[in-house]
Amino acid sequence: MSGDEVVIIGAGICGLATALALHMKGIRSIVMEKSESLRNVTGAAITIRPNGWRALDQLGVSDILRHTSIPLQRERVVSLDVERLDEISLYHCVGETRCLRRKDIIDTLYAALPPATVKFGCQLESIKLDQHTTKPILRFIDGTTLTTKVVIGCDGAKSIVADFLNLKPTKKFPLCEVRGITNYPFGHSFTYEFTRFKKDNLLVGRIPINNNSVYWFCTQPCIPKDERIWKDPEMIRQHTLQLLSHYPEEIQEMIKTTDTNSLSLKQLRYRAPWDLLMGTFSRGTVIVAGDAMHVMGPFLGQGGSASLEDAIVLARNMAQIMGLNHVRKDEEAFYRFVRQRRIRVVRLSLQAYLIGMISGTSLRLKKFICIMLVTLLFRNQMSHMDYDCGDI
Ligand SMILES: Cc1cc2nc3c(=O)[nH]c(=O)nc-3n(C[C@H](O)[C@H](O)[C@H](O)COP(=O)(O)OP(=O)(O)OC[C@H]3O[C@@H](n4cnc5c(N)ncnc54)[C@H](O)[C@@H]3O)c2cc1C
């Protein structure tokens with residue numbers, strides 16, 4: 001590999017989308033992924049709202065993905081404690097919302113890339129800058145090193161690239177989330193809506209993907225003490241069934257029959273909104289994007305879509321600057337990217353943080369302050385979905 005390439009670290013949604021966006025602008029890149037193959041099994045599914053669809057349209061893959069899922073018609077909150085039912089219509093309020101299997105997103109982005117763009121089994125260990133040329137030198141866990149022109153860190157919430165940029169460590173919400181996909185070979189009977197069931201400080205979400213698959217999650221305040229559970233899907237299932245023993249039978253049945261491979265448990269992390277406001281996201285020709293830049297709680301369901309937006313804005317700026325007579329082109333492109341993205345990701349992560357804290361904190365005063373702030377700052381709580389990242 002020549003040292004003049006753009007190197008992307010991580011083949012998650014952000015890394016693959018960034019490589020594709022750059023490819024569409026005629027910029028060659030290579031993606032270094034630590035896993036031995038595409039990480040398309042974990043993470044079950046995510047919802048994509050209209051802003052995410054705009055980004056997928058730009059990447060030219062939205063029509064392929066539309067074939068994999070059915071649009072949701074509305075969103076419902078069912079309070080099982082007080083037998084209250086709050087409903088809003090998704091169809092009329094917020095436009096296209098679908099739940100996509102993460103595998104479908106990852107596989108589709110990967111298939112759209114030129115062959116051999118992704119190199120597997122390459123785990124970045126550290127970065128330093130060459131003293132003379134200031135080019136980044138990447139060191140991988142197998143001892144190999146690579147000097148390159150540009151590094152884009154799409155290496156997720158525990159990013160090595162973010163550490164190199166001296167970003168403050170990400171924080172943990174006092175919440176974790178179980179996710180899974182249940183398959184119904186003969187079809188399910190649920191309507192196409194995003195239903196949230198609330199009871200006993202627990203939140204269960206149920207979202208049909210298509211006629212045969214349903215995605216669900218369970219957000220819970222308790223962090224299991226037995227360490228083995230993080231790796232053992234069967235333990236995750238039993239633990240969740242125990243927690244939800246007072247939930248309706250149909251929910252318990254859905255969890256009992258969930259595809260074991262799709263089950264995962266994750267402690268929720270976030271980069272503090274105030275750190276996003278002040279953080280330095282690029283240094284020379286090294287930058288972060290996606291969760292590495294702005295990991296947020298899943299309470300708005302926007303982390304993946306924000307990563308897709310990053311890919312479009314980053315590629316657009318890098319392509320625009322190529323044609324200009326600028327001495328430090330990549331640095332200028334990164335400066336513009338951060339300027340264009342900062343307020344967007346601060347707003348998203350602040351809204352997600354406040355919503356997360358309302359359900360996560362046990363302190364009444366903190367809960368009250370978060371409710372006040374979310375009401376004052378985000379009068380229209382759906383407006384984040386109207387965002388348009390623009391043309392590629
Ligand atoms: C419970 C939960 C529910 C969510 N629901 C939604 C939703 O409904 N809608 C939505 O839009 N978003 C949702 N999200 C957020 C979304 O999943 C993330 O924002 C998105 O996946 C971020 O993608 P990424 O590529 O930046 O990071 P990741 O998906 O974490 O990918 C990082 C990649 O980098 C690789 N990597 C890491 N370190 C190294 C290294 N040192 N060297 C080489 N490779 C490395 C990893 O193996 C991985 O492939 C949810 C998140 C969670 C936790």
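Order of listing sets the numbers, starting from 1, for every ligand and every atom in it. Remember, predicted model here, so these are calculated numbers, not experimental data.
Counting heavy atoms under 4.0 Å from ligand 1, residue Lys34 touches it through both backbone and side chain. Of all the heavy atoms of Arg179, the ones lying under 4.0 Å from any atom of ligand 1 belong exclusively to the side chain. Residue contacts with ligand 1 for Lys158 are absent, since no atom lies close enough (heavy atoms, distance under 4.0 Å). Of all the heavy atoms of Asp291, the ones lying under 4.0 Å from any atom of ligand 1 are found in both the backbone and the side chain. In Cys14, the parts holding a heavy atom less than 4.0 Å from any atom of ligand 1 are both the side chain and the backbone. Only the side chain of Ile9 comes within 4.0 Å of ligand 1, judged by heavy-atom distances.
Checking only distances, Thr47 does come within under 3.5 Å of ligand 1, N or O to N or O. At a 3.5 angstrom cut-off on N or O pairs, Ser305 counts as close to ligand 1. Inclusion of Gly304 in the set of residues having an N or O under 3.5 Å from an N or O of ligand 1 is warranted.
Among Gly290, Gly121, Ser307, the residue whose heavy atom lies closest to atom 23 (O) of ligand 1 is Ser307. Among Ile46, Thr18, Asp155, the residue whose heavy atom lies closest to atom 5 (N) of ligand 1 is Ile46.
At a 4.0 Å cut-off, not a single heavy atom of Met296 sits close enough to ligand 1 to count as contact. Not a single heavy atom of Gly43 lies less than 4.0 angstrom from ligand 1.
A salt bridge is defined here as a Lys NZ or Arg NE, NH1 or NH2 lying under 4.0 Å from an Asp or Glu carboxylate O, and Glu5 with Lys119 fails to meet this definition.
The side-chain tip of Arg342 does not point at the ring of Phe281 from less than 6.0 angstrom away and within 45° of straight on. Judged by a 6.0 Å distance limit and a 45° cone about the ring axis, Arg364 is not positioned over the six-membered ring of Phe368.
Within ligand 1, the atoms closer than 4.0 Å to a non-hydrogen atom of Ile160 are 41 (N), numbered from 1 in the order shown. Proximity to Met32 (heavy-atom distance under 4.0 Å) selects the following atoms of ligand 1: 43 (C), 44 (N). Remark: ligand 1 atoms within the under-4.0 Å shell around heavy atoms of Cys122 are 42 (N), 43 (C). Atoms of ligand 1 found under 4.0 Å from any heavy atom of Gly301, numbered from 1 in the order shown, are 7 (C), 8 (O), 9 (N), 10 (C), 11 (O).
For the residue pair Ser349 / Arg271, no side-chain donor-acceptor distance below 3.5 Å is found, with atom types taken as modelled.
Taking the six-membered ring where the residue is Trp, Tyr184 and His188 present perpendicular rings, their angle passing 60° and hence far from 30°.
Side-chain atoms of Arg316 come within 3.5 Å of backbone N or O of Cys389 as a donor-acceptor pair. Remark: the backbone N or O of Phe140 is not paired with any side-chain donor or acceptor of Thr144 at under 3.5 angstrom.
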